[in-house]
Each structure stands twice: as structure tokens, then as C-alpha cells.
Amino acid sequence: MKEPEFLLFASDAELAAYWGAACIAAALACLLMERRRMKRAELNRVGWMPWIGLFLALAVIGGGLLAAAVPAILQG
């Protein structure tokens with residue numbers, strides 16, 4: 001599979017920022033799914049997916065990647 005053109009000469013900081021943004025987007029999707037689960041009409045059909053745990057894990061990973069990548073991007 002061929003890499004997209006914008007990733008061909010991307011630095012490590014840019015790649016970390018892309019992965020961080022993807023993790024933050026996935027964390028927001030988990031947050032929306034948790035809200036959807038809480039507003040369910042039938043309270044007994046909640047499901048087993050740990051949306052809050054996934055949200056927290058993805059938000060911490062994404063925030064860490066972005067925090068590490070932004071200073072390197074601003075320098076270079």
C-alpha cells in the first residue's frame with residue numbers, strides 16, 4: 001500500500017501529532033457513545049462496552065502525543 005503524499009516527508013513530530021489527533025477523535029467518539037448509552041430508553045439493555053475507560057485511555061494517549069509533538073513542530 002502506498003503512503004499518502006502528505007506523509008511522505010513528514011517528521012516524527014508530525015506523525016505523532018497525526019496519531020494524537022486520531023486518538024483524540026476516537027476519544028470524542030467514545031464520549032458520544034457513552035452519552036448515547038446513558039440516554040437509552042430501556043435501562044436494562046446497557047451493553048458491556050467500557051466507554052468511559054476507553055475515553056480516558058485514548059484522551060491521555062492523544063494528549064500526551066500532542067503535548068510531545070507540538071514543541072518539536074513549532075521549532076522546526
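As the structure is a prediction and not an experimental result, all values here were calculated from the model. In what follows, residues are counted from 1 in the order of the sequence shown.
Evaluation of the ring-ring contact (aromatic ring centres under 6.0 Å, His included) test over residues 37-75, restricted to residues two or more places apart or in two chains, returns none. For the ring-ring contact (aromatic ring centres under 6.0 Å, His included) condition, the pairs that include at least one residue of residues 17-38, sequence neighbours left out, are Phe6-Tyr18.
For the atom pair SG of Cys23 and CD1 of Ile61, the computed distance is 6.0 Å after rounding to the nearest 0.5 Å. Taking CD1 from Ile24 and CG from Leu66, the interatomic distance works out to 6.0 Å, rounded to the nearest 0.5 Å. With values rounded to the nearest 0.5 angstrom, Leu31 atom CG is found 12.0 Å from Leu54 atom CG.
Partners of Arg37 under the salt bridge (Lys or Arg N to Asp or Glu O under 4.0 Å) rule, at least two apart in sequence or in another chain, are Glu34.
The two residues Ala27 and Ala59 make their nearest non-hydrogen contact at CB-N, 3.8 Å. The minimum heavy-atom distance linking Leu58 with Cys30 is given by the pair CD1-SG, 4.1 Å.
Both Met49 and Met33 are part of a single hydrophobic cluster, where members link through side-chain heavy atoms under 4.5 Å apart.
Side chain of Glu14 to backbone of Ser11: a donor-acceptor contact under 3.5 angstrom is found.
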